[in-house]
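Let me begin by presenting the structure, written as structure tokens, before commenting on it.
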Amino acid sequence: MTEEKPDWCPGCGLYGIQTALKQALSELNLEPHKVFLATGIGCGSKMAHWINVYATHTLHGRLLPVAAGAKLANHSLTVIGMGGDGDGYGIGMGHFVHTMRRNIDILYLVNNNQIYGLTKGQASPTSEKGMKTKSTPFGVIETPVNPIAFAICSGATFVARGFAGDLEHLKWLIAEGIKHKGFSLIDILQPCITFNKINTFDYFRQRVYKINDNVGYKTSDAEAALKRSHEWGDKIPIGIFYQESREINEELEPQLAKEPLAYQDISSIDVAPIMEKFV
Ligand code: SF4
């Protein structure tokens, strides 16, 4: 953590996400030295510098391999990944799929502002069709990625959507995602007030509703979750879409059964030949 204050644009949705994350960690009584945050590249990925936990600001689209590596090296840590929609659903899409199907016990927060903010306003994988940006002056022609549907179909065991304008709800989702054993995705609607003039705070406030307030909604029903994930327009659902219990990768790795790798005594292993090979 640095002494500097966040330099996000005043009014950016990232301030709300930072507050919700800090409050969730604090309410769960997680000690800072037992939490590791890996971030990608983007406005929100600068979070690594502004939260009091162990953190690494990694490469564009590569935060999930770093988060997964940290979890496998020391599975007693709470490991969180954070990046943007371009980072995770574009450049890092391959890592996203394979981390989900392995069901590694990490929480992945995606600050989804539907634009590339740090590089000043190009269309991202979640930009809406027809949206005019610096890279699409005549409007986006592609269909946007649906991260909720994609995660449900790729083996994520906790799939949720939050909104940066509803801190209490987002804090609750983050806490539930941390408590969940397995890979958790929280796609967060995060208005970029500078470069996305369509998907604003007002736009979402008029549309979001909470699926888990509906007594008939069952988070164990994958088919219902998938159907709900396609709802986007006048009404946009937020909350936990899908949750299941499945063996995590760390339980299936025999080398991790005794204790975290980081605590295992390797003094009897001669590492000199390996070092010789690589150094
Ligand atoms: Fe936030 Fe957009 Fe400014 Fe980046 S460019 S800090 S996402 S408002």
Side-chain angles (χ1 to χ4, degrees), residues 1-24 37-52 55-64 80-93 96 107-128 130-137 139-140 144-145 147 160-167 169-171 173-174 185-208 232 236 238:
M1 186 178 172
T2 67
E3 299 286 307
E4 307 303 320
K5 297 267 183 284
D7 60 0
W8 298 314
C9 307
C12 174
L14 288 166
Y15 289 100
I17 297 172
Q18 184 192 35
T19 304
L21 175 58
K22 282 183 173 179
Q23 288 184 354
L37 173 72
T39 65
I41 296 295
C43 294
S45 292
K46 291 190 270 180
M47 193 76 75
H49 303 278
W50 300 320
I51 191 153
N52 189 22
T56 301
H57 198 164
T58 72
L59 302 175
H60 207 186
R62 311 294 168 222
L63 71 95
L64 281 178
I80 301 171
M82 175 179 279
D85 42 304
D87 189 288
Y89 304 149
I91 296 144
M93 192 53 134
F96 186 39
L107 167 65
Y108 184 29
L109 302 171
V110 180
N111 310 313
N112 184 357
N113 53 23
Q114 302 171 259
I115 197 97
Y116 279 95
L118 189 72
T119 48
K120 312 285 178 258
Q122 298 82 10
S124 84
T126 51
S127 296
E128 291 187 22
M131 185 175 172
K132 291 187 178 170
T133 69
K134 285 184 182 164
S135 59
T136 56
V140 171
V145 166
R161 180 190 284 137
F163 170 41
D166 188 339
L167 291 198
H169 184 254
L170 182 58
K171 178 181 73 178
L173 280 182
I174 293 174
L185 167 74
I186 305 179
D187 178 71
I188 307 172
L189 304 172
Q190 177 246 306
C192 168
I193 57 150
T194 304
F195 295 111
N196 186 339
K197 304 293 184 190
I198 297 170
N199 308 107
T200 61
F201 277 104
D202 278 350
Y203 174 94
F204 288 121
R205 279 202 184 100
Q206 287 160 17
R207 289 167 172 80
V208 296
W232 184 276
I236 298 175
I238 58 172

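All figures in this text were calculated on a predicted structure; none of them were measured in a lab. Both counts, for ligands and for their atoms, begin at 1 and track the order of listing.
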Please state which protein non-hydrogen atom is closest to [atom] and give its distance, to 0.1 Å?
atom	value
atom 8 (S) of ligand 1	I193 N, 3.5 Å
atom 4 (Fe) of ligand 1	C43 SG, 2.4 Å
atom 2 (Fe) of ligand 1	C192 SG, 2.3 Å

Metal proximity, C12 vs atom 1 (Fe) of ligand 1, N/O/S cut-off 2.8 Å: yes
Considering all heavy atoms, the nearest G44-M82 contact: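 Nearest heavy atoms, G44 then M82: O-SD, 3.7 Å.
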Heavy-atom closest contact (L118 atom, C43 atom, distance): N-SG, 3.5 Å
Counting each atom of ligand 1 from 1 as listed, which ones have a heavy atom of [X] under 4.0 Å away?
X	answer
F195	5 (S)
W8	6 (S)
T194	3 (Fe), 8 (S)

Plane angle bin for Y89 and F96 - parallel if under 30°, tilted between 30 and 60°, otherwise perpendicular: tilted
Verdict with supporting geometry, K46 and L14, side-chain contact (heavy atoms from CB on, under 4.5 Å): CA-CA 10 Å; K46 291 190 270 180; L14 288 166; over 6 Å; no
Which segment of Q190 sits under 4.0 Å of ligand 1 when only heavy atoms are counted: side chain
Side chain, backbone, both or neither: the part of N113 lying under 4.0 Å from ligand 1 by heavy atom: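 For N113, only side-chain atoms sit under 4.0 Å from ligand 1.
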Donor + acceptor pair across side chains of W8, Q18 (<3.5 Å): no
C9 near atom 4 (Fe) of ligand 1: N/O/S under 2.8 Å: no
Residue K197 excluded, over 12 heavy atoms near NZ under 6.0 Å: yes
Any donor-acceptor N/O pair, H57 side chain to G40 backbone, under 3.5 Å: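 The answer is yes, because a donor-acceptor pair under 3.5 Å joins these two groups.
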